[in-house]
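Worksheet: the structure to be examined is printed underneath.
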Amino acid sequence: MIKFKKNTLISKVKEKQGPTFENEKLIRKMVEADQEEVKKILGLKHFGLTNNEYRDRIEKYGTNELKKHRFNWILEIGKAFFSPFSLILLAIAAYYFITFITYQFGTTNERSIFDVTGAIVILAMVFASGTMTFVQALRSYLITKKIGSIVKNTTDIIRHKNNDNLASFKKIDQDNQLDLIKLGEEINAKELVPGDLIYLSSGDMIPADVRILNSKDLFINQSSLTGESVPVEKHATNSKKTNNILEFENICYTGTSVVSGSGIAIAIATGDGTYFATINKTIMEKRPEGSFSTGVKKVTRVLLILMLVMVPIVYLINAGVGYAHWDQIGGFTKNPWFKAIFFAVAVAVGLTPEMLPMIVSTNLANGAGRMAKGKVVVKKLDAIQSLGAIDILATDKTGTLTNDKIELVEYLTVDKQKDPRLLKYLYLNSYFQTGIKNPMDKAIVDYVSTHKLNFDLHTYQKIDEIPFDFNRRKLTVIFNSDEEKILVTKGSMEEILSVSTKVYYQGKIQKITDAIRAQIQAYFEKINNEGKRVLGVAYKPVDQNQNRFSPEDENELIFFGFATFLDTPKPSTKKMIKLLHKYGVELKILTGDNEQVTRAICKMVHLDIKGLVTGEQLDSAGSHEIQAMVEQANIFVKLNPLQKVKVIQILKQNGHIVGFMGDGINDAPVLRQSDVGISVNNASDIAKDASDIILLEKSLLVLEKGIIQGRTIFANILKYIKVTTSSNFGNVLSVIVASAILPFLPMLPVQMLFQNLIYDLSQFAMALDRVDEEFVQKPQRWKSNDLVPFVCINGPVSSVFDILTFVIVGFGFGLVPEFNAMANKESFEATQIIAQFNASWFLIGLITQTMVMQVLRTEKLPFIQSRSPWIVYLTMVMVISLAFSITFTPFGTLLHMTPPIPVFIGIAAGLICGYLCLAQLVKMTYIKIFKKWL
């Protein structure tokens, strides 16, 4: 197991990575400063601002509010509707409109409604895709707006209307605390400015980043920032040697709250200068692109490159040759160089998988629906694929791996016996106490209830109570039991042991010896080092006539034993860790909790610790060392929210696709920075808002379904992109060859559009296709470089059979010689020859393109080793039937096609079978060479 040391720096140059707290230097100065230095740093002559000083400072610093994020409507609309892929589709739609106009006003005076239909379909796709993107951007803005302001609350401050009696406020101490409180007034927290003196008491929200000047049993809940559920005590001085700004004992931060006690503090940062604002800024920043969006852009870039290479080639070939078949298109001019532009654009159309946005949306929507049945809410559709792509899952500990609930895990006497009377005394002490029940009291009561233990409370009568306080660190309850009056005390181990003179040991009460005291201390230290929390329990019989008790009665007790508590792991955590390993996902824990507690949890869930890094080590390391740290270590402790973000960002820089699972306010920035943010059912509202996926069930096993679903969806999208692009690429190659050997176009643009439309519509069924188990066993991500060899190898396979079709139909059936012999190329007979040829390739092209999907959708043997669901087969049969219906019925005349001769049906069957066999052989060879398929 690797444990990183502070001094092992690879690089002495520190490079800041990730977000930083702009007032961190100010905070560190304040920690060590005495009261005179605090005033000097803040530019004060005395504590407590006058009205004139307040007016000057409100003008300088502004109100105590966070900066509002504005929504740029024009920019967001532009990004939503005019992405690179949308621009390609819009260009194609424009081409179809131009084609329609050309037919209408050209020399042939022909026009086709299918050109307009194609343009309308494409525009509808762009509109639907853009609208979804825009709605998502608007929704994200509304979410950040919700958390983009400090909670509206009031605070008690001490200000002076004039300069009278300021001498007594040169220094804050215990003597003048009550006087200050009397001068306090309640104001809206947004009116607070740096330098304001604040009175804090139980239940208050901390309204700004403050330095404590005076405190009395002041305990702060920092779980919103650190994730630790146990309150921490704050003092006027900092005695803890730490580099973690969240652990300073005399600093409190915006968004935390006072659990108990009171104090006087001075505001040192407000509004956008607070630590909370830094967290909020990371939430409001533009979210980094996920792996899915990045992958789509890469694929789009490859498609553009293919177009830029192929279109000029086609343009130059056809414009240079200037065959008579250009007159079929008609146009604004007879110039073949000008008319070649239209054919080149047709090639661009042929290379583009027009339905990609809708196919992607359909796959994602189907996946979201299936995940919803499994109690998983998908807020951002493309997060499903990102979930399938992750190779690292980083997670907070509290509330995600654990139940975020302290539980009683053990109760033992000193000689390690599980004595029922010890549990009964613990329960009665917690049940009868009337103060605020802390998490441990609730854990004891819940344990008895869960295990259905029956302590007949009617036989016990509470006599008195000595409430808990932070000086004694004990809670005592006195009750009657079987005509015996018992005093039971539980509390801090050191305090209980210090007031105990006897011990219940080996079934009898005896005097505590040095050996037994050492045994008790050793066990306490052992359990404490395991990260568990331990309470000591002691008791003694008291006089039946005594009814009033005080702390002085907490002496000469009988030490009974220990009560051990832990935030236990969720039952599904162990199995989830095994499943993540099975699917090639590494688990890393990023927590604000301490090392001991985290180690204890790891041990309980059987998670091997490969390396452990603290927040301080992270900050002290150089850039190269940090990169090594995040790779080798899988446990990160004592992290603040910004350090968590740094870890995620570096992992992404190292080439990983990272998911993060968290539940607290402090996790919101990390959730937004990860490729996919996951929160659980009991998460804070802010964490849920920042997440892409929410697990409604307490069980973490639904993650397995999500990962499988993500990889399945990705596979089905990949099938469409790779197979369709390779088929279209093959068609383009076929058209290029046809330009050299045929005196007319093998298929008209309107026919190509209709063929593509039928094929693309059939591909919606692929969203329901099965995926090979081998594919979902490991993380899958977009690799645009894989697209080029796939397309360039598989595309020409279809061209081979296209060219065979051209030769058989054009020369075998004598259509080309007959056409060449005609004097009038625009006669009815010439048109019929072209229409028959077009129909033949339309039929072959549509059937082969549809059936080859069954071969290329899997690396196994289709129909035998890997089968599609019945809906996919049914769709394939329907497309084949539709191809014959269009070709051999009068409907084909609307598309300018004439039915081929009947004997062509048998030839077509042979060509199709040959194509499928060759495609299978090429696939097997491809896998041997490239060691992968999709």
Side-chain angles (χ1 to χ4, degrees), residues 723-724 726-738 740-742 744-747 751-752 755-756 758-759 762 793-819 833-858 860-868 872-889 892 897-926:
V723 177
T724 302
S726 61
S727 295
N728 290 349
F729 180 73
N731 288 342
V732 170
L733 290 178
S734 302
V735 169
I736 291 174
V737 174
I741 66 175
L742 296 177
F744 46 75
L745 288 177
M747 205 186 305
Q751 295 163 353
M752 292 181 68
Q755 185 189 72
N756 286 345
I758 294 172
Y759 168 76
S762 72
I793 292 174
N794 290 283
V797 176
S798 66
S799 297
V800 170
F801 288 88
D802 287 337
I803 294 167
L804 279 175
T805 303
F806 297 160
V807 172
I808 293 171
V809 176
F811 298 95
F813 292 173
L815 295 182
V816 171
E818 188 177 347
F819 179 85
I833 289 174
I834 296 171
Q836 185 179 343
F837 190 98
N838 292 161
S840 302
W841 195 36
F842 179 91
L843 180 67
I844 290 288
L846 185 54
I847 294 176
T848 53
Q849 197 173 18
T850 304
M851 292 194 68
V852 81
M853 174 61 83
Q854 286 298 319
V855 175
L856 304 185
R857 57 171 283 278
T858 174
K860 298 180 179 180
L861 194 63
F863 306 109
I864 299 173
Q865 295 177 328
S866 178
R867 298 185 182 92
S868 294
V872 176
Y873 289 138
L874 177 62
T875 305
M876 182 180 69
V877 172
M878 289 174 64
V879 170
I880 294 171
S881 301
L882 189 59
F884 278 100
S885 299
I886 293 172
T887 308
F888 289 95
T889 64
M897 290 192 296
T898 299
I901 58 177
V903 72
F904 180 71
I905 296 176
I907 295 172
L911 289 171
I912 292 167
C913 289
Y915 175 38
L916 297 181
C917 292
L918 181 58
Q920 176 67 23
L921 290 172
V922 170
K923 179 180 72 175
M924 295 167 63
T925 306
Y926 183 98

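Nothing fancy with the numbering, it's 1 onward along the sequence. All values below come from the heavy atoms of this structure, side chains included, with hydrogens, waters and symmetry mates left out. Computed from a predicted structure; not experimentally measured.
The side chain to side chain contact (heavy atoms under 4.5 Å, CB included) check on Ala835 picks up Thr898, with sequence neighbours excluded. When the side chain to side chain contact (heavy atoms under 4.5 Å, CB included) test is applied to Leu921, no partner is found at least two apart in sequence or on another chain. Partners of Phe837 under the ring-ring contact (aromatic ring centres under 6.0 Å, His included) rule, at least two apart in sequence or in another chain, are Phe744, Phe806. The ring-ring contact (aromatic ring centres under 6.0 Å, His included) test applied to Phe904 returns no partner, not counting sequence neighbours.
Side-chain contact check for Asn731 versus Asn728: some heavy-atom pair is nearer than 4.5 Å. Two residues are said to be in side-chain contact when any heavy atoms from C-beta on lie closer than 4.5 Å; Ile912 and Leu916 meet this criterion. Side-chain contact check for Gln920 versus Pro862: some heavy-atom pair is nearer than 4.5 Å. Annotation: side chain of Val903 is in contact with side chain of Phe813 (closest heavy-atom distance under 4.5 Å).
One finds the NZ atom of Lys923 at 14.5 Å from the CD1 atom of Ile793 (value rounded to the nearest 0.5 Å). How far CZ of Phe842 is from CD1 of Ile847: 9.5 Å, rounded to the nearest 0.5 Å. Note: Ile907 CD1 to Ile844 CD1 = 9.0 Å, rounded to the nearest 0.5 Å. In this structure, CD1 in Ile886 is found 3.5 Å from CD1 in Ile758, a value given to the nearest 0.5 Å. In this structure, CZ on Phe801 lies 5.0 Å from CG on Leu918, to the nearest 0.5 angstrom.
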May I have the step-by-step check of side-chain contact (heavy atoms from CB on, under 4.5 Å) for Leu911 and Ile808, ending in yes or no?
CA-CA 10 Å; Leu911 289 171; Ile808 293 171; 4.2 Å; yes
Would Leu742 and Phe819 satisfy side-chain contact (heavy atoms from CB on, under 4.5 Å), going step by step from the backbone distance to the final call?
CA-CA 10 Å; Leu742 296 177; Phe819 179 85; over 6 Å; no
Does the pair Thr858 and Gln865 meet the rule for a side-chain contact (heavy atoms from CB on, under 4.5 Å), with working shown?
CA-CA 9 Å; Thr858 174; Gln865 295 177 328; over 6 Å; no
With side-chain contact (heavy atoms from CB on, under 4.5 Å) as the criterion, how do Thr848 and Val852 come out once you've worked through the C-alpha distance, each side chain's angles and the decisive distance to 0.1 Å?
CA-CA 6 Å; Thr848 53; Val852 81; 5.7 Å; no
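Under the salt bridge (Lys or Arg N to Asp or Glu O under 4.0 Å) criterion, the residue pairs touching residues 848-858 are Asp769-Arg857, with sequence neighbours excluded.
Heavy atoms only, all atoms of each residue included: Gly730 and Ser798 are closest at CA-OG, 3.5 Å. The two residues Ser726 and Asn794 have their closest heavy-atom pair at CB-CB, 4.2 Å. In terms of heavy-atom proximity, Ser799 sits nearest to Leu733 at OG-CB, 3.4 Å. Smallest separation of non-hydrogen atoms from Phe888 and Pro900: CE2-O, 3.6 Å. For the residue pair Leu815 and Ile833, the shortest heavy atom distance occurs at O-CG2, 3.5 Å.
For Ser762 (side chain) and Tyr759 (main-chain N/O), a donor-acceptor pair under 3.5 Å exists by modelled atom type. Using modelled atom types, no side-chain atom of Lys860 and backbone atom of Arg867 make a donor-acceptor pair closer than 3.5 Å. Here the side chain of Ser840 pairs a donor or acceptor atom with the backbone of Gln836 at under 3.5 angstrom.
One side chain, Asp802 or Ser734, offers a donor N or O that lies under 3.5 Å from an acceptor on the other.
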Atom pairs and distances, donor-acceptor, side-chain atoms in residues 872-879, under 3.5 Å, two or more places apart:
unit_1: Tyr873; atom_1: OH; unit_2: Ser868; atom_2: N; d: 3.2
unit_1: Thr875; atom_1: OG1; unit_2: Ile871; atom_2: O; d: 2.7

